[in-house]
Amino acid sequence: MDFGKTTYDSLQVKAETKASRYGLYALIGYTYSHTYDNGLSDGLGSLVSAPFFPLPNWSKLDWAPSQIDLRNSFTASVIYDLPFGKGKKFGNDWNNVTNSVLGGWQLTVIEKITSGFADPLVDSSNQSGVTFNNGGNGNNFNRPDQIANPYKAGPVAANPNPLCQLTVSQGGLAPDHLSDSGSTFNPCAFAAPAPGTLGNASRLPVYGPGFVNTDFSVIKQFALPWENMGLNFRAEFFNLFNHAQFGSPVSDISAPGFGVVNSTVNTRVLCSLD
């Protein structure tokens, strides 16, 4: 029997403009959404969460943001035909050679900005006395205890680890500040549960780094002397501003570097000529 459950709610806004007189086209979209489920994988090979199925009241304990929950997503696409060449504002009287070289150029920009995905936190050193081997928890994970606000940097007095009484700059574990490139949450806000107990943290209590990317293209159309035929030159720059896209933080409280972002997920500036 399938016990899976999921919900998705969103607000979607779209704006589009076509100004053919000025050679401009723009499409802008924004989505604010919430996705919840009771333990589904994201299907991308990411670390699975620690559902408590099939314990009593598991459906309430496991109900949390989905691993594909993306609260904010903004996309903008702009195409601009440069006003140079025959039939344009500038260069309408150019000869064929000049027009072939300087006319017919087009610029495109695609901008993508999103918040981070929800991240599962687990305790691979499960000392609860409960063995999980099904329901998406084949790794037999427990969860940590949440003892403070994970989005507040600095020492956490309630954490029994003495290193959580000091900031990173002082040689401790508590982050001085939160950032996509360091710690997206305060790992000292979580502690390993006591032996014989289950962690009280939500299945996915925190969110990973956001995503910002700009792709840029320069396109030139060359007319050929045959009907309905042309030549297209395209120079494409992916991640134009060389913005680093960071991976998820270490999610296992029993692993070194818990809560620290130590990977990237994108290629730096890539140029393609076609």
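It should be emphasised that the depicted structure is a prediction, and the values quoted were computed from it without experimental measurement.
With Ser20 contributing its side chain and Gly23 its backbone, the two residues share no donor-acceptor pair below 3.5 Å. Proximity of a side-chain donor or acceptor of Asn239 to a complementary backbone N or O of His243 within less than 3.5 Å is detected. A donor-acceptor pair under 3.5 Å is absent between the side-chain atoms of Gln165 and the main chain of Pro162, judged by distance alone. Judged purely by atom type and a 3.5 angstrom limit, Asn159 uses its side chain to pair as donor or acceptor with the backbone of Cys188. Of the possible donor and acceptor atoms, one in the side chain of Thr197 sits under 3.5 Å from a partner among the backbone N and O of Ala194. Between the Lys220 side chain and the Ser100 main chain, a donor and an acceptor come within less than 3.5 Å of each other. Asn232 contributes no side-chain N or O that, together with a main-chain N or O of Ile219, makes up a donor-acceptor pair within less than 3.5 Å. One N or O on the side chain of Asn126 and one on the backbone of Ser128 form a donor-acceptor pair closer than 3.5 Å. The backbone N or O of Ala50 sits nowhere less than 3.5 Å from a side-chain atom of Arg203 that would complete a donor-acceptor pair. Remark: the backbone N or O of Gly196 is not paired with any side-chain donor or acceptor of Gln127 at under 3.5 angstrom.
In the displayed structure, Lys112 atom NZ is contacted under 6.0 Å by more than 12 heavy atoms of other residues, nucleotides or ligands. Shown here is Tyr22, whose OH atom has no more than 12 heavy atoms of other residues, nucleotides or ligands within 6.0 Å.
No side-chain N or O of Ser115 forms a donor-acceptor pair with one of Arg71 less than 3.5 Å apart. Between Thr131 and Asn140, the side chains place no donor N or O within less than 3.5 Å of an acceptor N or O (distance only, hydrogens not considered). Asp123 and Ser254 share a donor-acceptor pair across their side chains, judged by distance under 3.5 Å alone. Side-chain N/O atoms of Thr31 and Ser33 include no donor and acceptor closer than 3.5 Å. For the 3.5 Å distance criterion, the side chains of Asp81 and Tyr25 fail to qualify, holding no donor opposite an acceptor. For Asn96 and Lys86, the side-chain atoms include at least one donor-acceptor pair closer than 3.5 Å. For the residue pair Ser66 / Asp69, no side-chain donor-acceptor distance below 3.5 Å is found, with atom types taken as modelled. A donor atom on one side chain and an acceptor atom on the other are not found under 3.5 Å apart for Asn38 and Ser59. Of the N and O atoms on the side chains of Glu111 and Thr214, at least one donor lies less than 3.5 Å from an acceptor on the other residue.
The CD1 atom of Ile110 sits 9.0 Å away from the OG1 atom of Thr75 when rounded to the nearest 0.5 Å. For the atom pair CG (Leu70) and CZ (Phe211), the distance works out to 10.5 Å, reported to the nearest 0.5 Å. The CZ atom of Phe141 sits 11.0 Å away from atom OG of Ser125, with the distance rounded to the nearest 0.5 Å. Once rounded to the nearest 0.5 Å, the distance linking OG of Ser263 with CD of Gln245 reads 12.0 Å. Taking OG1 from Thr108 and CD1 from Ile79, the interatomic distance works out to 6.5 Å, rounded to the nearest 0.5 Å.
Between Phe190 and Pro205 there is a side-chain heavy-atom pair separated by less than 4.5 Å. Between Ser183 and Val261 there is no side-chain heavy-atom pair separated by less than 4.5 Å. Counting heavy atoms from C-beta on, the side chains of Gln67 and Ser49 come closer than 4.5 Å. A 4.5 Å side-chain heavy-atom check between Leu107 and Leu82 finds at least one atom pair inside the cut-off. Using a 4.5 Å cut-off on side-chain heavy atoms (C-beta onward), Asn213 and Asp215 make contact. Considering only heavy atoms from C-beta on, Leu121 comes within 4.5 Å of Val206 through its side chain. With a 4.5 Å cut-off on side-chain heavy atoms, Leu173 and Asn161 count as touching. For the pair Thr6 and Thr35, the minimum side-chain heavy-atom distance is below 4.5 Å.
Ring pair Trp63/Tyr36 is parallel by interplanar angle, where below 30° counts as parallel and above 60° as perpendicular. Classified by interplanar angle (parallel below 30°, tilted 30° to 60°, perpendicular above 60°), the ring pair Trp94/Phe84 is parallel. Ring geometry for His34 against Tyr32 counts as perpendicular: the plane angle is over 60°, on a 0 to 90° scale with 30° as the lower cut.
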Steps toward side-chain hydrogen bond (donor to acceptor under 3.5 Å, both in side chains) verdict (Asp252, Ser124): CA-CA 6 Å; Asp252 184 357; Ser124 62; 2.5 Å; yes
Residues Phe241, Val212; criterion side-chain contact (heavy atoms from CB on, under 4.5 Å); working and verdict: CA-CA 10 Å; Phe241 298 112; Val212 179; over 6 Å; no
Report the C-alpha separation of Tyr207 and Tyr151 in whole Å, then their side-chain angles, then the decisive distance to 0.1 Å, and conclude whether the ring-ring contact (aromatic ring centres under 6.0 Å, His included) test is met. CA-CA 10 Å; Tyr207 285 79; Tyr151 294 114; 7.4 Å; no
Take Leu55 and Leu198 through the test side-chain contact (heavy atoms from CB on, under 4.5 Å) and record every step on the way to the result. CA-CA 11 Å; Leu55 296 179; Leu198 295 172; 3.4 Å; yes
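The nearest pair of heavy atoms linking Pro193 to Pro144 is CD-CA, 4.0 Å. Residues Pro249 and Asp119 share a closest heavy-atom pair of CD-OD2, 3.1 Å. Summarising the geometry of Pro150 relative to Ala189, their closest heavy-atom pair is CA-CB, 3.6 Å, with the distance given to 0.1 Å. The two atoms that bring Val265 and Gly247 nearest to each other are CG1-CA, 3.6 Å, heavy atoms only. Contact between Asp145 and Asn200 at its shortest, heavy atoms only, is OD1-N, 2.9 Å. Of all heavy-atom pairs spanning Asn186 and Val156, the tightest one is ND2-CG2, 3.8 Å.
With hydrophobic clusters built from ILVMFWY side chains whose heavy atoms lie under 4.5 angstrom apart, Leu61 shares a cluster with Val130. The hydrophobic cluster containing Ile28 also contains Ile113, counting ILVMFWY residues as joined when their side-chain heavy atoms lie under 4.5 angstrom apart, directly or transitively. Both Phe233 and Leu231 are members of a single hydrophobic cluster when ILVMFWY side chains are connected at heavy-atom separations under 4.5 Å. Both Val218 and Val109 are assigned to one and the same hydrophobic cluster, defined by single-linkage of ILVMFWY side chains at heavy-atom distances under 4.5 Å. Side-chain heavy atoms closer than 4.5 Å link hydrophobic residues (I, L, V, M, F, W, Y) into clusters, and following such links, even through other members, never connects Phe74 to Phe216.
With a 6.0 Å cutoff to the six-membered ring centre and a 45° limit on the axis angle, Arg143 counts as a cation-pi contact of Phe52.
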